[in-house]
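Notes follow the structure.
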Amino acid sequence: MFTPIQIFADFLIYNVFGISKESKLGSALDFFVFDTIKIFILLLIIIYVITFIRSFFPPEKTRKILAKSKGSTFIGHILAALLGIVTPFCSCSAVPLFIGFVEAGVPLGVTFSFLIAAPMVNEVALGLLYGLFGLKIALIYVLSGEIIALVSGIIIGKLKMEKHVEGYVYETQMSSDLEIPDPTIKERLIDSWVFTKDLIKKIWIYVIIGVAIGGFIHGWIPAGALAKYAGKNNPFAVFVAVLIGIPLYSNAAGVIPLVSELTRAGVSMGTSLAFMMAVTGLSLPEAILLRRVLKPKLLALFFGVVGLGIVFTGYLFNFIMA
């Protein structure tokens, strides 16, 4: 599928620009052209298809589904983690979703299972991982993210941290009678295309930066060069990768090209994915917004439990892929 893109990239860099195939610059630019085109094609297809699917799961519908499951908390955790994959989510929606779930009577732990799964198990990341690494890596990514969301939500729920939610959240009244729109298939298809174009406009710079960094690594850092510092034999590699990833803010589309090149340069797959999950699942903007509804102790617990879950998953992934 991507062979014509590689032929074009080779022709552009080595024939049109006349850069030597043996040069580091030529290798880096060839990688940049090829991966940029490839990833944008994947993004257009993946985002459009997934946006259409997500149109059947608006946040209000998700809230009502979880509210109905509150009689069985464990089932609620499972539903919350699964719905987190397909429900539209961004950092700016974290606060209203949290308030809506609490007001609907959804248990705190179940709410966190959703809040963790939604950004961590990113459907765009899933599609890109499948396209770049294959089905096995994509499935392990989904499974690990869902387990982290499920276990973390259960732990937070068991600790009875309701008193560490800001008091005004329980006083906020949100209408439960909001009408859930039911657009036609044609409207969903049109809306999905509009959303896809708008999202590409917002994230293209992250993709370019991610591919550019990957191109630099591809051209100037030999395969295996980072294995000494971040390979599977370094017991601290995953932990360090997560600590580095938390302060960064990007989206999966911008991080995955970097993940691809990190693995080529010798960083183990588990360490690379732990870095990606820390960037997408524990972003500082989300933490700043969640501080509006969570007191510091609960916010710290949220970050700590999820962070440890990501670290554990990274080590487990390295063990499985050894």
Side-chain angles (χ1 to χ4, degrees), residues 58-85 87-121 145-178 239 242-243 245-247 249 277-278 280-313:
E60 180 60 27
K61 186 174 183 179
T62 300
R63 183 167 77 103
K64 289 187 175 182
I65 291 173
L66 293 182
K68 290 178 181 178
S69 69
K70 61 187 177 183
S72 175
T73 304
F74 184 71
I75 297 298
H77 281 292
I78 295 175
L79 281 174
L82 292 174
L83 287 169
I85 301 177
T87 302
F89 182 90
C90 63
S91 295
C92 59
S93 65
V95 170
L97 279 173
F98 184 90
I99 293 174
F101 288 169
V102 171
E103 190 274 335
V106 178
L108 188 63
V110 173
T111 298
F112 272 103
S113 285
F114 175 85
L115 288 177
I116 295 166
M120 183 173 293
V121 187
E146 289 292 282
I147 291 175
I148 290 173
L150 183 64
V151 174
S152 299
I154 291 174
I155 291 173
I156 292 173
K158 293 292 185 182
L159 292 176
K160 304 296 183 182
M161 301 292 289
E162 283 77 8
K163 65 180 180 180
H164 294 286
V165 175
E166 294 291 352
Y168 80 88
V169 172
Y170 296 106
E171 301 169 2
T172 302
Q173 295 296 315
M174 299 183 67
S175 174
S176 59
D177 299 322
L178 294 176
F239 186 74
V242 172
L243 289 179
I246 290 176
Y249 177 61
M277 295 172 83
T280 59
L282 290 175
S283 69
L284 284 183
E286 183 183 357
I288 293 170
L289 288 169
L290 282 176
R291 177 61 188 90
R292 293 171 55 192
V293 291
L294 306 180
K295 294 179 181 179
K297 187 173 182 178
L298 180 53
L299 186 62
L301 177 66
F302 166 66
F303 262 67
V305 170
V306 178
L308 288 175
I310 294 174
V311 169
F312 175 79
T313 300

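As the structure is a prediction and not an experimental result, all values here were calculated from the model.
Applying the 6.0 Å contact sphere to CZ of Phe303 captures more than 12 heavy atoms from other residues, nucleotides or ligands.
When all heavy atoms of Met161 and Ile156 are compared, the pair lying nearest together is CG-O, 4.0 Å. The two residues Ser113 and Ala80 have their closest heavy-atom pair at CB-CB, 4.0 Å. Across Ser152 and Ile116, no two heavy atoms sit closer than the pair CB-CD1, 3.4 Å. Taking both residues in full, the closest heavy atoms of Val121 and Glu146 are given as CG2-OE2, 3.6 Å, listed atom of the first, atom of the second, then distance.
A perpendicular orientation is assigned to the rings of Phe114 and Phe101, their planes being inclined by more than 60° (bins at 30° and 60°).
Atom CG in Leu299 sits 13.5 Å away from atom CZ in Arg292 (nearest 0.5 Å). The CG atom of Leu290 sits 15.5 Å away from the NZ atom of Lys295 when rounded to the nearest 0.5 Å. Put simply, CG on Leu150 and NE2 on His77 are 7.0 Å apart, with the number rounded to the nearest 0.5 Å. One finds the CD1 atom of Ile148 at 4.0 Å from the CE atom of Met277 (value rounded to the nearest 0.5 Å).
Phe112 pairs with exactly one of Ile155, Leu294, Leu301 by the side chain to side chain contact (heavy atoms under 4.5 Å, CB included) rule, that one being Leu294.
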